[in-house]
There are 2 protein chains.
Amino acid sequence: MSTTAALPRVPGRRDEILGIAGELFAERGFTATTVREIADAAGILSGSLYHHFDSKEAMADELVREVLDRVLAAYRRIAAGALGPEPALRALVREAFGAIAADRATVALLVNEWNLFTQVPRFGYLRVLEQETERLWVGVLEHGAAVGVFRADLDARMLYRMLRDAIWVSVRWYRADGPVGPDQLADRYVDVLLTGVRSRP
Amino acid sequence: MSTTAALPRVPGRRDEILGIAGELFAERGFTATTVREIADAAGILSGSLYHHFDSKEAMADELVREVLDRVLAAYRRIAAGALGPEPALRALVREAFGAIAADRATVALLVNEWNLFTQVPRFGYLRVLEQETERLWVGVLEHGAAVGVFRADLDARMLYRMLRDAIWVSVRWYRADGPVGPDQLADRYVDVLLTGVRSRP
DNA sequence: GTCTATATTGAGATAGAC
DNA sequence: GTCTATCTCAATATAGAC
């Protein structure tokens, strides 16, 4: 019973290769990364990659799907929970920066190749997931306005996109292993968003 | 004297082709756009492009340089001007959204291909321009904090990047020919940044 | 300034042996 | 699971005629 005991994350060759591919995609870009480079980095020949994956595209697909599914599931839990508007917003933002910290390479891949991927039929789910995400976040913002916690005169959709763009693109410069942790950065973003930068007497 | 009278923007074949290339780069991505597609869209054959430009890369280079030079020049004027911190910040943000409105395709190209371009030696100036831009914006924010207009406890560099990312990536969804003009959107972003979204009694 | 024709290269992917 | 060997294709770019 011990040999088949585990799904528990023994990385396995396949996942190892996938991780290597993800790092290269993030660093050099998806198109600019060749299957030969991936194979080299994994210590095998390019043809051998195709024992594990159908195509280069399939590798990126798998990376992106996994991260987005996890993030969206977390968003759903937060939006469905009984948190007040501010704690809910804070939890959403923390979740996003948490993903950047936990899956930096994949998030960078997604941010950098968004325009490319959204044109490939295989990645059609990206638009779908994005729409649900927008609904969830906008829901939290509008509810907050409805109960008087957030200003009533705000465009929730614009606000969501402004925040979303600021958060995700931070993957291009933010290092989670530096002095500022992801929750900390999340709180700073939320703080600015909530109270603004104008000094008050 | 009338034949050589003008630099005044007669488009000319070359600029026309460059504009077509820019639209395709923005829409399909730089790498995914082939010189044949550009040539097709311009109504010529791919080889003929090389009468006007050295390479596909050179086309993108020219597009990006022109826009960034113009934007940075405007930033310099604003930062050097005698505006107060809030009007200066507003002017900077308006300038950025103005560029998105005026040169949507080129800004999209730059945002989408940032990771690619910054790895190509030819585009080394991107990092340089970005650094000066950061200095200018951070200078405005820090001056504002020093004179008590902005909160003193803020991380100006983080704030700049947050705002920069939010502004530029909006090129992926914002349409300047829609109901909200660029100055209007700029003012909304600045409004949120200055006063926050928390409702106050 | 554009076309014809083509050189050249480098990519993703496949088949079958080991 | 990896290697050997190779196919196939599409891309950028060039040379010289018109």
Side-chain angles (χ1 to χ4, degrees), chain A residues 3-4 6 9-64 109 112-113 115-117 119-123, chain B residues 3-4 6 9-64 109 112-113 115-117 119-123:
Chain A
T3 56
T4 16
R9 302 289 76 197
V10 180
R13 192 66 176 127
R14 187 191 147 89
D15 285 355
E16 195 185 342
I17 293 170
L18 201 54
I20 290 166
E23 291 295 333
L24 288 169
F25 289 157
E27 194 184 326
R28 313 158 94 101
F30 176 74
T31 311
T33 302
T34 70
V35 293
R36 282 180 179 81
E37 286 173 323
I38 298 168
D40 281 356
I44 58 179
L45 290 184
S46 67
S48 307
L49 284 178
Y50 291 85
H51 172 76
H52 302 280
F53 305 97
D54 286 345
S55 65
K56 191 173 88 162
E57 222 176 67
M59 295 186 218
D61 188 14
E62 202 168 316
L63 286 164
V64 163
L109 171 65
N112 291 330
E113 312 297 344
N115 190 49
L116 177 63
F117 289 166
Q119 286 178 75
V120 177
R122 155 174 225 137
F123 289 92
Chain B
T3 56
T4 17
R9 303 290 76 198
V10 180
R13 191 67 176 126
R14 186 191 148 88
D15 285 356
E16 196 185 341
I17 293 170
L18 201 53
I20 290 167
E23 291 295 334
L24 287 170
F25 290 158
E27 194 184 326
R28 312 157 93 101
F30 176 74
T31 311
T33 302
T34 70
V35 292
R36 282 182 179 81
E37 286 173 323
I38 298 168
D40 280 358
I44 57 179
L45 289 183
S46 66
S48 307
L49 284 178
Y50 292 84
H51 172 74
H52 301 281
F53 306 97
D54 286 345
S55 64
K56 191 172 86 161
E57 224 176 66
M59 294 187 218
D61 188 15
E62 201 167 318
L63 285 164
V64 163
L109 172 65
N112 292 330
E113 312 296 345
N115 189 49
L116 176 64
F117 289 165
Q119 287 178 73
V120 177
R122 158 176 220 134
F123 289 92

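Residue numbers start from 1 in every chain, and the chains themselves are labelled A, B, ... in the order their sequence lines are given, proteins ahead of strands.
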_Interatomic spacing from CD in E37(B) to CD1 in I20(B) - rounded to 0.5 Å_ = 13.0 Å

*What integer distance in Å separates E37(A):CD from dA13(C):P?*
15 Å

*asked:* What is the distance, to the nearest angstrom, from the CG atom on L45(B) to the C1' atom on dT2(C)?
replied: 8 Å

*Please give the angle, rounded to 10 degrees, between the axes at the start and the end of the helix from dG1(C)-dC18(D) to dC18(C)-dG1(D), where five pairs define each axis.*
20°

*Answer yes or no: is there a donor N or O on one side and an acceptor on the other, between the side chain of T31(B) and the main chain of T31(A), under 3.5 Å?*
no

*asked:* Heavy-atom nearest nucleotide on DNA chain C for D54(A) versus T34(A): which residue maps closer to 5'?
replied: T34(A)

_Options dT2(D), dA13(D), dA13(C), nucleotide nearest the side-chain atoms of S48(A)_ = dT2(D)

*Does a side-chain heavy-atom distance below 4.5 Å link L116(A) with N112(B)?*
no

*asked:* Can you tell me which nucleotide in dA11(D), dT2(C), dA11(C) comes closest to the side chain of H51(B)?
replied: dT2(C)

_Upstream residue (5' side of DNA chain D) when Y50(B) and I17(A) are each assigned their closest nucleotide_ = I17(A)

*Under the 3.5 Å rule, do the base of dG1(C) and the side chain of R13(B) count as making a donor-acceptor pair?*
no

*Figure out the CG/P separation between D40(B) and dA10(D), and round it to whole Å.*
15 Å

*Nearest whole angstrom, please: distance from the C1' of dA10(D) to the NZ of K56(A).*
14 Å

*Let me know the distance between CZ of R36(A) and C1' of dG10(C), rounded to the nearest Å.*
8 Å

*Around D54(B), counting heavy atoms of other residues, nucleotides and ligands shown, do more than 12 lie under 6.0 Å from its CG?*
no

*Separation of dT12(D) C1' from F25(B) CZ (nearest whole Å)*: 12 Å

_Within the 4.0 Å heavy-atom criterion, would you say T31(B) contacts the bases, only the backbone, or no part of the nucleic acid?_
nothing

*Could you tell me the separation between the CD1 atom of I44(B) and the P atom of dA5(C), rounded to a whole number of Å?*
18 Å

*Rounded to whole angstrom units, what separation is found between the CD atom of E57(A) and the P atom of dG12(C)?*
11 Å

*Classify the angle between the aromatic ring planes of F123(B) and F117(B) as parallel (below 30°), tilted (30 to 60°) or perpendicular (above 60°).*
parallel

*Counting side-chain heavy atoms from C-beta on, which of dT12(D), dA11(C), dG1(D) comes nearest to H52(A)?*
dG1(D)

*Do M59(B) and H52(B) come within less than 4.5 Å of each other through their side chains, counting heavy atoms only?*
no

*Side chains of R13(A) and I44(A) in contact at under 4.5 Å (non-hydrogen atoms)*: yes

